[in-house]
Every structure is written in structure tokens, then in C-alpha cells.
Amino acid sequence: MEGYAVNVLWITALLLPAAIFLVGPKLRKNKLTLIRAMFAIGCGWCYWIAYTIAAQTITSGMVMNGASYAFVILLGWIMPTTIVVLAWAVYWFFFLREPGEKSNKETKSRTTLSALV
């Protein structure tokens, strides 16, 4: 049963930053998107700290390993940041990008060509 509880905490730690980031209106405004990303990363970081404490308490009783606690305090933001960036990239690729969107260079060359004709 201990393994099940730790796995549920692990899956929640992976899904929480993406869920917080993707909840809300569309991600069209850059400033609002950045604020939502920072909030999701901060919540994810706090959850990773809580996950570390809970997982160690569940698996080894009340003994705390200071090294893993220090590690998650210093580097616990990396995993939520990666998850938020991947969630934003998937969201942009599937929902914000127009189908058949072309690069600016190709659009400019067509405009210039039509102006000459």
C-alpha cells in the first residue's frame, strides 16, 4: 500500500503544474501566459517539496533525509518548469497555431510578388 500512495503522489506531482497552467482562458496574451507559467511552476515546486517529505515519511517512518530535502529545495523547480514548457508547446501546436500557417518570409514574398503584378 505504501508504494501505491507514493505513486499517486508522484503522478500528481507530474500533472499538477500542467493542470494549473492550462486552466483558464486561452494563452494568447504573453504577459498573462508568463504569470500563469510562473504560478504553475511555483505551485509545482511547493508540491515537490511536500512530495519529498511525504514520500520519505511513508516509506521510512519519521526519519528525514536532509540531502534529498536540500536537493528538492534547490532544484525542485526544474521538473515543473519542464512540464509547463512542454504543456505550453503542445497547447500552442494543437490549439493556437492556425492550420497551414506559413512563415512570415513566405507571406512577404507573396505580397511583394502580387504588388509587382
Side-chain angles (χ1 to χ4, degrees):
M1 198 64 172
E2 293 171 354
Y4 178 72
V6 172
N7 286 340
V8 168
L9 288 172
W10 172 253
I11 291 169
T12 306
L14 292 175
L15 295 177
L16 183 72
I20 290 173
F21 179 67
L22 294 175
V23 169
K26 291 187 177 183
L27 303 173
R28 295 237 184 237
K29 297 182 180 178
N30 291 336
K31 196 177 225 181
L32 181 62
T33 302
L34 181 63
I35 291 170
R36 285 169 57 183
M38 290 180 357
F39 182 72
I41 291 167
C43 288
W45 191 4
C46 291
Y47 192 85
W48 276 98
I49 293 169
Y51 165 75
T52 301
I53 295 169
Q56 285 184 1
T57 303
I58 289 171
T59 57
S60 64
M62 292 306 288
V63 179
M64 277 299 295
N65 182 0
S68 62
Y69 187 67
F71 180 79
V72 80
I73 290 288
L74 291 176
L75 300 174
W77 59 271
I78 294 174
M79 185 62 83
T81 303
T82 305
I83 291 168
V84 167
V85 167
L86 288 174
W88 175 80
V90 168
Y91 185 84
W92 178 83
F93 187 75
F94 286 110
F95 298 111
L96 292 181
R97 191 175 65 108
E98 297 294 328
E101 185 176 298
K102 300 188 175 154
S103 68
N104 249 354
K105 189 176 183 181
E106 187 175 323
T107 307
K108 284 182 182 176
S109 66
R110 280 190 182 172
T111 306
T112 307
L113 218 106
S114 65
L116 292 174
V117 174

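Quick note: numbers below take in every heavy atom, side chains included, and nothing from hydrogens, waters or symmetry partners.
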Would a single hydrophobic cluster contain both Val85 and Ile35, if residues Ile, Leu, Val, Met, Phe, Trp and Tyr are joined by side-chain heavy-atom contacts under 4.5 Å?
no

Write down the atom of Thr57, the atom of Ile53, and the distance for their closest heavy-atom approach.
OG1-O, 2.8 Å

Quick check on the hydrophobic clustering: are Met38 and Val23 connected, directly or via other members, by side-chain heavy-atom contacts under 4.5 Å?
no

Are side-chain heavy atoms of Leu9 and Tyr47 found at a separation under 4.5 Å?
yes

Are Phe39 and Leu32 connected in the hydrophobic side-chain network, where two residues link if heavy atoms are under 4.5 Å apart?
no

Can you get from Phe21 to Phe94 by hopping between Ile, Leu, Val, Met, Phe, Trp and Tyr side chains that sit under 4.5 Å apart?
yes

Atom CD1 in Ile11, atom CG in Asn7: separation rounded to 0.5 Å?
6.0 Å

Can you find a heavy atom in the side chain of Leu14 that is under 4.5 Å from one in the side chain of Met79?
yes

Spacing of CG belonging to Leu22 relative to CZ belonging to Arg36, to within rounding of 0.5 Å:
7.5 Å

Would you please classify the geometry between the Tyr51 ring and the Trp10 ring as parallel, tilted or perpendicular, with 30° and 60° separating the classes?
tilted

Nearest-0.5 Å distance, CD1 of residue Ile83 to CD1 of residue Ile41:
10.0 Å

Mind jotting down which residue pairs meet the side chain to side chain donor-acceptor pair (under 3.5 Å) criterion with at least one end in residues 68-88? Sequence neighbours excluded, please.
Gln56-Ser68

Is there a continuous path of hydrophobic side-chain contacts, each under 4.5 Å between heavy atoms, that joins Ile73 to Ile78?
yes

In terms of heavy-atom contacts, Pro17 and Pro80 come closest through CG-CB, 3.9 Å

